[in-house]
Chemist: 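If you scroll down you'll find the structure; I have some questions about it.
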Amino acid sequence: MEEITGRNSAAADPRRVIFHVDMDAFFVSVEELFDPSLKGKAVVVGGHRDERGVVSAASYAARKFGVHSAMPLRTAAKLCPDAIFVNGHPERYREYSGKAFEVLKKFSPKVEMASIDEAYLDMTGTERLHGPPLKAAHALHQFMKSETKLNCSIGIGTSRLIAKVCSDQAKPNGVLYIVPGQEASFLAPLSVRKIPGVGKVFEQKLNEIGIKKVGDLAKLDDAFLRERFGEWGLALAGKSRGLDAGGYFDRDVAVDEGPKSISHEHTFNTDTRDQEKLEAMIARLSEMVCRRVREHELHARTVQIKLRYSDFTTITRAHSLEQPTQLDTVVAETARTLFRDNWQRGRTIRLIGVHVAGFDDVPQQLDLLTQTHDDKVSKALSVVDRMRDKFGENAVSLATGLKSRFREKTHENPASLPGKSKKKE
DNA sequence: TCTGGGGTCCTAGGACCC
DNA sequence: TCTGGGGTCCTAGGACCC
């Protein structure tokens, strides 16, 4: 495993060759593979036209109507009434993401999947094997198409930031290489919004002081930047001048380290204040979360819930356990206590979520009795997980008997529950 | 047209320890 | 009696990304 230092002294090295590979309209393209009749049409992935939800991905044909991801589905339906709305299929996307990863690994041992449809490759020193950067990129591009039937765009530069911005400029289905030394002049004419990490809020703040282009940012005084925008603003300005400014975009390309948090949340079709319904959802979400915690062979220390009321005000409340856990019941009981202590009873809820973090590979040493008990429970749950894989989620009836016994156990151990002293809002 | 779900990273204050 | 910092953990919230 690579060590991540946060700062990489090689970042400004002109010999460094970083690829950013981004799949084009990934979700839509995968859906087209499963249903070729969708090809070339206005397609919206994310749900049905009258559902509560937003667009996950839109085909290029749909984008022409102004449809874009994160837009409410109902808005998309208004803008583009003839669009075909399809549900997303996360399993398919994971499958094709895996295929793409296999392709990338043939070009460099240093591949970092940055999300389901994009990756960084460290291609430094691969010239003898794959030729110069552009040649390697074209070979990769073709191989990706032949192996997965999917198009991608590739950005090449001396840092992750440059590679990432390049792949965006190369879209769709293109390759763009910024040769060493040209970084600052490449970035200068671009809108600050093109810099990953600069969103609506930061763009607005910059616009307020007359900064629209990356080049404008490069001219600002360091002390002013730091005072006004903190460390990140300073780093950003450094990058706009082609410097190694540290942080995420100058990190090494690292192999996958596993998740840092796992969560599930649910938005109700209609808002509710039915406590039974809400707590049943907490139990279900806790099971889904813990199942994935077990799949990764992790143990979580912090349990967090999220409540979103009808007026969209959102709170999160967390509690750290004495001992990391992967047990449904421990997470569910903790989440339920957090819920009962913090829900303003009577206020209708739109969304509820369960989130865990603070992972350990190995649970901390417990006293022998608890440990053997928890081991047994974990093993039993793994069996349940496998049965569900084989026979479907309705094999859960097996878990019900186990659960009532877990509950006794949790009650014996009230120290693992959140304190009651939590202040109410 | 009301605004998903899964994440990462950062900030900031308070507790607590040295 | 008052006054220090630094470091780390915990919690809450928010920006941002796909």
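Computed from heavy atoms alone, side chains included, the values below leave out hydrogens, waters and symmetry copies. In what follows, chains carry the letters A, B, and so on, assigned in the order in which the sequence lines appear, proteins first and then strands, with residues in each chain numbered from 1.
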Chemist: For A:Asp222, enumerate each residue passing the salt bridge (charged side-chain N to carboxylate O under 4.0 Å, His left out) test, keeping only those at least two apart in sequence or located in another chain.
Modeler: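 For A:Asp222 the salt bridge (charged side-chain N to carboxylate O under 4.0 Å, His left out) partners, ignoring immediate neighbours, are A:Arg241.
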Chemist: What does A:Phe202 touch in the nucleic acid at a heavy-atom separation under 4.0 angstrom: a base, only the sugar-phosphate, or nothing?
Modeler: sugar-phosphate
Chemist: Tell me whether C:dC2 sits syn or anti, counting syn as a glycosidic angle within 90° of 0.
Modeler: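 Judged by the O4'-C1' to base torsion, C:dC2 sits in anti, the angle falling more than 90° away from 0.
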Chemist: Tell me what A:Leu79 touches on the nucleic acid: a base, only sugar-phosphate, or nothing, going by heavy atoms under 4.0 Å.
Modeler: nothing
Chemist: I want to know whether A:Phe26 and A:Tyr96 have ring centres closer than 6.0 Å.
Modeler: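 Judged by ring-centre distance (under 6.0 Å), A:Phe26 and A:Tyr96 do not meet the cut-off.
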Chemist: With the threshold set at under 4.0 Å for non-hydrogen atoms, list the residues of residues 81-107 of chain A touching DNA chain B in residue-number order.
Modeler: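 When residues 81-107 of chain A is checked for heavy atoms under 4.0 Å from DNA chain B, there are no hits whatsoever.
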Chemist: Holding to salt bridge (charged side-chain N to carboxylate O under 4.0 Å, His left out), I want the full list of residues that pass it with A:Arg273, two or more places apart in sequence or in another chain.
Modeler: none
Chemist: If you look only at distance, which donor and acceptor atoms sit under 3.5 Å apart when one is on a side chain in residues 82-90 of chain A and the other is two or more places apart or in another chain?
Modeler:
from: A:His89; atom 1: ND1; to: A:Glu31; atom 2: OE1; distance (Å): 3.3
from: A:His89; atom 1: ND1; to: A:Glu31; atom 2: OE2; distance (Å): 2.9
from: A:His89; atom 1: ND1; to: A:Asn87; atom 2: O; distance (Å): 3.3
from: A:His89; atom 1: ND1; to: A:Arg92; atom 2: NH1; distance (Å): 3.3

Chemist: Which two nucleotides bound the region of DNA chain B that has atoms under 4.0 Å from heavy atoms of chain A, read 5' to 3'?
Modeler: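 The contact span of chain A on DNA chain B goes from B:dT1 to B:dC9.
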Chemist: Checking all strands, does A:Leu73 fall into the base, sugar-phosphate, or nothing category for heavy-atom contacts under 4.0 angstrom?
Modeler: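 The answer is nothing, as A:Leu73 stays clear of every strand by at least 4.0 Å.
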Chemist: Please, which pairs that meet salt bridge (charged side-chain N to carboxylate O under 4.0 Å, His left out) have at least one residue in residues 59-78 of chain A, sequence neighbours excluded?
Modeler: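 Output for this query is empty, none listed.
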Chemist: Regarding A:Val201, tell me which of base, sugar-phosphate or nothing describes its non-hydrogen contacts under 4.0 Å with the strands shown.
Modeler: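 Sugar-phosphate, backbone atoms only, no base.
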Chemist: For the C1' atoms, the ones on C:dC16 and on B:dG4, what distance do you get once it is rounded to whole angstrom?
Modeler: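 Per the computed distance, 16 Å lies between those C1' atoms.
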Chemist: Nearest-nucleotide wise, let me know which of A:Asp311 and A:His264 is further upstream toward the 5' end of DNA chain B.
Modeler: A:Asp311
Chemist: Can you tell me how far apart OG1 (A:Thr267) and CZ (A:Arg308) are? Round to the nearest 0.5 Å.
Modeler: 6.5 Å
Chemist: A:Lys149: what forms a side-chain contact (heavy atoms from CB on, under 4.5 Å) with it, not counting sequence neighbours?
Modeler: A:Leu33
Chemist: Give A:Val198 one of three labels, base, sugar-phosphate or nothing, depending on what nucleic acid heavy atoms sit under 4.0 Å from its own.
Modeler: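 Answer is sugar-phosphate: A:Val198 comes under 4.0 Å of backbone atoms only.
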Chemist: For A:Arg292, what residues pass the salt bridge (charged side-chain N to carboxylate O under 4.0 Å, His left out) criterion, not counting sequence neighbours?
Modeler: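 If we apply the salt bridge (charged side-chain N to carboxylate O under 4.0 Å, His left out) test to A:Arg292, skipping adjacent residues, there are no hits.
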Chemist: With heavy atoms under 4.0 Å as the rule, sort A:Ser56 into base, sugar-phosphate or nothing.
Modeler: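 Base, at least one base heavy atom under 4.0 Å.
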Chemist: Taking only residues two or more places apart in sequence, or in another chain, which ones meet A:Ser69 in a side chain to side chain donor-acceptor pair (under 3.5 Å)?
Modeler: none
Chemist: Which comes earlier along DNA chain B counting from the 5' end, the contact point of A:Arg74 or that of A:Ser263, where each point is its nearest nucleotide?
Modeler: A:Arg74
Chemist: Students often get this wrong, so: under 4.0 angstrom with heavy atoms, is A:Arg350 touching a base, only sugar-phosphate, or nothing?
Modeler: base
Chemist: With a non-hydrogen cut-off below 4.0 angstrom, is A:Lys164 in contact with a base, only sugar-phosphate, or nothing?
Modeler: sugar-phosphate
Chemist: Between C:dC18 and B:dC2, how many Å separate the two P atoms, rounded to a whole number?
Modeler: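 It works out to 28 Å between them.
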Chemist: For A:Ala70, which contact category applies under a 4.0 Å heavy-atom criterion: base, sugar-phosphate, or nothing?
Modeler: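 Answer is base: heavy atoms of A:Ala70 come under 4.0 Å of a base.
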Chemist: A:Gln326 side chain to A:Leu298 main-chain N or O, any donor-acceptor pair under 3.5 Å?
Modeler: yes
Chemist: What pairs of donor and acceptor atoms, side-chain ones from residues 187-197 of chain A against any protein atom, are under 3.5 angstrom apart with sequence neighbours left out?
Modeler:
from: A:Ser191; atom 1: OG; to: A:Arg193; atom 2: N; distance (Å): 3.0
from: A:Arg193; atom 1: NE; to: A:Val198; atom 2: O; distance (Å): 3.3
from: A:Arg193; atom 1: NH1; to: A:Glu203; atom 2: OE1; distance (Å): 3.4
from: A:Lys194; atom 1: NZ; to: A:Asp168; atom 2: OD2; distance (Å): 3.3

Chemist: Could you work out, with salt bridge (charged side-chain N to carboxylate O under 4.0 Å, His left out) as the rule, every residue matching A:Lys39, not counting sequence neighbours?
Modeler: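 Testing A:Lys39 for salt bridge (charged side-chain N to carboxylate O under 4.0 Å, His left out), a comparison that skips the adjacent residues, returns none.
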Chemist: By the 4.0 Å heavy-atom rule, please label A:Gln304 as base, sugar-phosphate, or nothing.
Modeler: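 It contacts nothing in the nucleic acid.
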Chemist: How does DNA chain C read in dot-bracket, base by base from 5' to 3', with Watson-Crick or G-U pairs under 3.5 Å and | used when the partner is on another strand?
Modeler: ....||||||||||||||
